[in-house]
J.: 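Quick one: structure below, then a few questions.
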Number of protein chains: 4
Amino acid sequence: MQSRTSGTRAGRPRSAAAATAILAATREALVEVGWSGLTLGDVATRAGVAKTTLYRRWSGKNELVVDAVAELFDELELPDRGSLAADIEGVVLQFAAILARPEARSGLMAVVAESTRDDALRERIRESIVNRQKHLVLEGRSRAQARGELPEEPDPSESARTVDLIFDMIAGAVVHRALVSAEPVDTEWARSFAGLLLHGLTASTTA
Amino acid sequence: MQSRTSGTRAGRPRSAAAATAILAATREALVEVGWSGLTLGDVATRAGVAKTTLYRRWSGKNELVVDAVAELFDELELPDRGSLAADIEGVVLQFAAILARPEARSGLMAVVAESTRDDALRERIRESIVNRQKHLVLEGRSRAQARGELPEEPDPSESARTVDLIFDMIAGAVVHRALVSAEPVDTEWARSFAGLLLHGLTASTTA
Amino acid sequence: MQSRTSGTRAGRPRSAAAATAILAATREALVEVGWSGLTLGDVATRAGVAKTTLYRRWSGKNELVVDAVAELFDELELPDRGSLAADIEGVVLQFAAILARPEARSGLMAVVAESTRDDALRERIRESIVNRQKHLVLEGRSRAQARGELPEEPDPSESARTVDLIFDMIAGAVVHRALVSAEPVDTEWARSFAGLLLHGLTASTTA
Amino acid sequence: MQSRTSGTRAGRPRSAAAATAILAATREALVEVGWSGLTLGDVATRAGVAKTTLYRRWSGKNELVVDAVAELFDELELPDRGSLAADIEGVVLQFAAILARPEARSGLMAVVAESTRDDALRERIRESIVNRQKHLVLEGRSRAQARGELPEEPDPSESARTVDLIFDMIAGAVVHRALVSAEPVDTEWARSFAGLLLHGLTASTTA
DNA sequence: CACTAACCGAGACGGTACGTCCCGTCTTTCT
DNA sequence: AGAAAGACGGGACGTACCGTCTCGGTTAGTG
């Protein structure tokens with residue numbers, strides 16, 4: 001039993017198609033039965049795969065759903081709409097569109113809830129979902145700075161803190177509006193939100 | 001023969017002590033085992049109550065946790081700290097203190113996740129948690145208007161929309177910071193957030 | 001629940017009617033749902049009585065069913081059909097007719113089963129059901145002796161043993177045929193049985 | 001890809017030891033707590049088996065107890081004691097010895113009671129218990145015919161009816177004496193019974 | 001080009017919690 | 001004062017999934 005400590009392992013390799021099928025089946029099941037109704041046995045059946053195959057690759061429901069949901073947010077992008085206000089409105093509406101999909105709604109909040117007692121899961125969410133989208137804030141800010149809408153920020157540490165703050169404000173407000181308040185995130189709301197974020201409460205009118 | 005058409009119901013009345021004990025036991029169990037590990041049988045045992053008593057009053061885990069968590073937020077208040085910025089900072093820190101408690105962290109997000117597929121539950125959350133705290137925004141605004149920090153808002157419909165928007169922004173940002181980004185909501189962050197909310201991105205400095 | 005639809009409305013003399021109603025409701029429930037599906041709550045509801053009233057008079061399901069079933073067997077009688085063989089055939093068919101009723105089938109065997117671990121219940125069954133019917137054997141024998149079909153039996157102790165033996169043989173055979181073998185107890189079978197009981201296996205023909 | 005169309009079923013095979021352990025545990029539990037106190041969860045625990053394993057193989061308490069009790073009767077046999085009377089006495093005493101065991105007493109009557117409302121159960125009892133022991137009557141008769149104690153029976157249909165009749169009389173009388181009358185089935189009673197069965201009531205003396 | 005190790009499906013395994021039903025007891029209210 | 005209504009603590013039900021463990025059989029790389 002000496003060799004094979006590195007590189008090509010002997011035996012039959014894992015099927016590449018299986019992982020894809022499993023993640024797709026996970027999203028499909030999330031749509032139909034939601035997080036709490038989702039069972040790994042059902043996912044395996046939908047994917048045409050044995051339960052053991054699934055457990056060989058993911059340690060449980062939480063990790064599987066994080067991977068399945070993370071892919072959904074990769075379609076976010078920030079086309080240049082000419083002004084910071086328009087850019088914010090655009091990304092808010094894109095984000096809302098993703099949150100309108102059932103697999104994102106129930107999957108995202110559920111894994112966040114689970115992560116409150118599972119540090120490894122929380123870190124996995126931050127890496128796979130949260131930090132992966134922060135580039136949107138950076139792009140939007142530098143574009144606005146190039147337009148002269150925002151001042152330069154010389155202190156890099158302060159700059160990072162501000163990016164985090166803005167990300168939390170945008171993502172938090174949209175999620176709260178969509179999932180907790182359960183009110184529509186439409187163009188009107190997005191415009192009001194962008195106006196408030198840009199000019200603050202003290203401006204004479206928020207809309 | 002008109003009896004019992006109103007008011008006093010026949011039979012042994014429900015124990016008032018049971019409800020209190022059950023809700024307290026629910027929070028205790030949330031602290032120790034979290035949402036996914038929470039069992040109604042365990043809650044009943046902790047409360048010194050039969051499982052049937054619990055099911056007679058709540059239809060399931062979701063509804064029970066909503067009620068147990070909602071009580072936590074009733075301790076929020078808005079003491080007058082002299083300025084709108086200070087008031088916002090204060091309520092943000094209070095809210096963060098509640099979200100630091102394990103029973104709130106895991107309970108709140110979990111029921112929100114469940115509510116994405118259960119309209120009755122979503123409505124229950126709105127009534128018991130969200131709308132119950134909106135008075136804080138109203139108080140803060142009228143106090144700020146009395147101080148002259150904010151202009152009057154003549155249109156009542158527009159006024160209500162603004163209250164909702166501000167509530168989503170504050171609650172959303174704090175929840176996202178605390179639970180999704182998993183970063184501390186401390187005095188410094190609260191000050192930055194209040195500054196940004198008051199003056200907007202276009203102000204020269206956020207801190 | 002208006003109840004008390006008849007006459008005397010002053011006091012509360014319902015006590016007497018309750019026992020009758022409860023026993024009738026027990027038999028009705030036995031017919032519809034059988035022994036294992038019979039619940040005391042259901043019996044109480046059918047009888048228009050509170051559960052507490054029922055428990056005040058019977059200690060449980062077993063005792064209640066013994067009383068309800070015992071009454072069924074009181075309709076057995078032994079009309080003189082002219083010969084011992086005809087008398088035996090007659091009582092066998094009467095007994096079979098009772099065992100064809102669902103409340104007797106399931107009720108009788110169930111309480112016998114319970115009585116294997118409950119001495120008080122066994123004694124109650126013997127008093128209320130078994131010994132109450134032994135007079136049939138006595139009558140049949142003395143009638144046959146008067147006809148000269150059977151010899152006199154001088155020893156009273158031996159006489160009692162024989163009565164018990166014959167009772168066990170008749171009742172046992174009919175119960176076994178009807179409930180265990182689940183074959184019909186019809187005129188033909190009754191005639192074969194009576195012939196065998198009268199003349200024994202060694203007679204050349206049993207039918 | 002044609003494989004597994006017959007014979008070898010896929011997946012892990014059922015444990016042979018489990019069935020044995022479960023049936024033994026069922027009898028053990030019947031002895032200790034009786035039919036009405038018997039719990040499938042308790043049986044599973046005693047057998048060192050999960051409740052699901054038990055439900056995978058039996059549909060409920062009734063079916064399980066039929067199988068557990070049926071095995072008890074397989075120890076019945078008919079050694080040649082030299083005469084028909086002695087053979088009958090012998091099998092009666094053997095049967096009584098089995099019915100003296102608590103697991104047989106409460107189990108047998110209970111499933112018979114249940115079978116009054118469950119045709120499938122009744123058929124199962126007939127196959128597993130009743131018909132399985134009828135060979136005893138056949139053996140005893142042919143042995144007696146060989147000895148010249150009984151005449152030959154030419155009509156096969158009549159012959160089968162007589163076997164059923166005798167079986168009902170023997171089994172019924174013993175069960176009734178042991179469980180309903182609750183009197184001992186001892187050598188004296190067995191001798192009286194055999195005498196009556198052989199020679200009938202009309203013979204001058206039954207003992 | 002046969003070996004053979006690691007994979008695959010199927011499905012039984014020991015468990016845990018579910019939500020329901022009924023038990024037998026106890027309050028409370030109404031008559 | 002006595003019966004109805006019905007909540008109470010408790011226990012078993014039969015089901016659904018969990019995550020693990022055999023099984024028989026397949027597949028790719030290596031020796």
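Numbered from 1 within each chain, the chains take letters A, B, ... in sequence-line order.
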J.: How long is the span from the CD atom in C:Glu103 to the CG atom in C:Leu108, to the nearest 0.5 Å?
T.: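 That separation rounds to 11.5 Å.
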J.: Mind checking the CZ-OG1 spacing from A:Arg101 to B:Thr116? Nearest 0.5 Å is all I need.
T.: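 Output value for this atom pair is 14.5 Å.
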J.: How far does CG of B:Leu40 sit from OH of B:Tyr55, to the nearest 0.5 angstrom?
T.: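 With rounding to 0.5 Å, CG (B:Leu40) is 4.0 Å from OH (B:Tyr55).
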J.: Please state how far atom CH2 in B:Trp58 lies from atom C1' in E:dC18, giving the value in whole angstrom units.
T.: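 From B:Trp58 CH2 to E:dC18 C1': 19 Å.
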J.: Ignoring the backbone of B:Arg14, work out which of E:dG14, F:dA7, E:dC8 is nearest its side chain.
T.: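 Looking only at side-chain atoms, B:Arg14 lies closest to F:dA7.
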J.: Determine, for C:Arg124 against C:Glu63, whether the closest basic-nitrogen to carboxylate-oxygen distance falls under 4.0 angstrom.
T.: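 Looking at C:Arg124 and C:Glu63, the cut-off is not met.
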J.: Can we say C:Arg122 and C:Glu114 salt-bridge, meaning some charged N sits less than 4.0 Å from an Asp/Glu carboxylate O?
T.: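 Salt bridge: no.
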J.: Using a strict 4.0 Å threshold on nitrogen-to-oxygen distance, state whether A:Arg46 and A:Asp42 make a salt bridge.
T.: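 A salt bridge is present here (some side-chain N lies under 4.0 Å from a carboxylate O).
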J.: Quick check against the 3.5 Å criterion: does C:Thr53 have a side-chain atom that pairs as donor or acceptor with the backbone of C:Val49?
T.: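 Side chain of C:Thr53 to backbone of C:Val49, a donor-acceptor pair under 3.5 Å: no, none is there.
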J.: Could you run down nucleotides 21-26 of chain E 5' to 3' and tag each one B, S or - for protein heavy-atom contact under 4.0 Å?
T.: BBSBBB
J.: Do C:Ser128 side-chain atoms and C:Ile125 backbone N/O form a donor-acceptor pair below 3.5 Å?
T.: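 Pair absent, no side-chain N/O of C:Ser128 close to backbone of C:Ile125.
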J.: Should D:Thr53 be listed as having a side-chain N or O under 4.0 Å from OP1 or OP2 of E:dA12?
T.: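 For E:dA12, neither OP1 nor OP2 has a side-chain N or O of D:Thr53 closer than 4.0 Å.
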J.: Just how far, in rounded Å, is C1' of F:dG10 from CG of B:Leu54?
T.: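 After rounding, the reported distance stands at 14 Å.
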J.: By a strict heavy-atom criterion of less than 4.0 Å, which residues belonging to residues 20-29 of chain D are in contact with DNA chain F?
T.: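 Nucleic-acid contacts, sorted: none.
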